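This one's a predicted model, so the numbers in the text were calculated from it and none came from an experiment.
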Amino acid sequence: MLMLSRRLLMPLSVAVAVAAATTVPAATAVPVPRPAVAADTDPVTFAAEPVAPAAPAAPAAPAASEADIAHHGHVAFWSDQLEIRLRTANRGPADVSASTVRLRFSEPLAVRQQLPPGCLWGGRAAVLCETGALAKGGQTRRTALDLRLAGRPAEVVVRVDTVWSGGARDADSGNDTHTVLAPSTGDPYAF
């Protein structure tokens, strides 16, 4: 085995040092070029630079809590008037810090009308309403919307779904996604 002194290895590149330290059969030995070093000077050595302590590993993202947001209520439609009464609850198993329900309509809404507090326009035919924090098995949040459509169709389709659940996963979205067909009769259609 070929042995080199530490003094000779210092100025060599890592690749040359690795090659020089490798055992090679005598018949295939390849001479390693050595850098010229003045006899009266030592090769430059570097003090170990202080290594910054490793940053603590970021905590693993907590698994999304699981909740079960449910929307129920009714839709009544007559002339150009649309009445929606919505109850939102969380059936658990975890609390929800905040949530938002989206209501989409098959017909555009009238432009000049006031939305209830906590609601905003999501387009010409959509409204978003915050339902706030929902404790598991806690009190139901109520949302009441009295809207006008831009025209007077014979019927309107209302789609209800959750668009934000405070980061909680909802494995049972069947009870928070609804599609309701409401003919212009004034009768309440439950969902």
Answer yes or no: is there a side-chain heavy-atom contact under 4.5 Å between Val127 and Trp121? yes
Side chains of Leu134 and Asp95: closer than 4.5 Å at any heavy-atom pair? no
Would you say the side chain of Asp176 lies within less than 4.5 Å of the side chain of His72, judging by non-hydrogen atoms? no
Side chain to side chain, Glu130 and Trp164, heavy atoms closer than 4.5 Å: no
Heavy-atom closest pair, residues Arg141 and Gly132: NH1-CA, 3.6 Å
Same apolar cluster: Leu149 and Val160, side chain cutoff 4.5 Å: yes
Report yes if the side chains of Val158 and Phe77 come closer than 4.5 Å at any heavy-atom pair, otherwise no. no
Where Lys136 and Gly92 come nearest, the two heavy atoms and their spacing: CB-CA, 3.6 Å
Do you know the tightest heavy-atom contact between Thr140 and Ala89? OG1-CB, 4.0 Å
What are the two closest heavy atoms between Ala125 and Glu107, and how far apart are they? CB-O, 3.7 Å
Tell me the closest heavy-atom pair linking Pro188 and Ala76, and the distance in Å. CA-CB, 4.1 Å
May I ask you to test the Asn175-Arg91 pair for a side-chain heavy-atom distance under 4.5 Å? yes
Indicate if Leu82 and Phe191 have the same hydrophobic cluster label, given that clusters are the connected sets of ILVMFWY residues with side-chain heavy-atom separations under 4.5 angstrom. yes
Validation row: Asp170, Thr162 side chains within 4.5 angstrom (heavy atoms): no
So if I apply the side chain to side chain contact (heavy atoms under 4.5 Å, CB included) rule between Leu128 and each of Leu103, Leu115, Leu120, Val101, which one comes out positive? Leu120
Residue pair His178 / Arg159, side-chain heavy-atom distance below 4.5 Å: no
Atom of Pro153, atom of Ser184 and distance for their closest heavy-atom approach: O-CB, 3.9 Å
Side-chain heavy atoms under 4.5 angstrom apart, residues restricted to Ile, Leu, Val, Met, Phe, Trp, Tyr: same cluster for Val156 and Leu109? yes
May I ask you to say whether Asp68 pairs ionically with Arg169, meaning some side-chain N is under 4.0 Å from a carboxylate O? no
Using side chain to side chain donor-acceptor pair (under 3.5 Å) as the criterion, point out the one residue from Gln113, Gln81, Arg85 that pairs with Asp146. Arg85
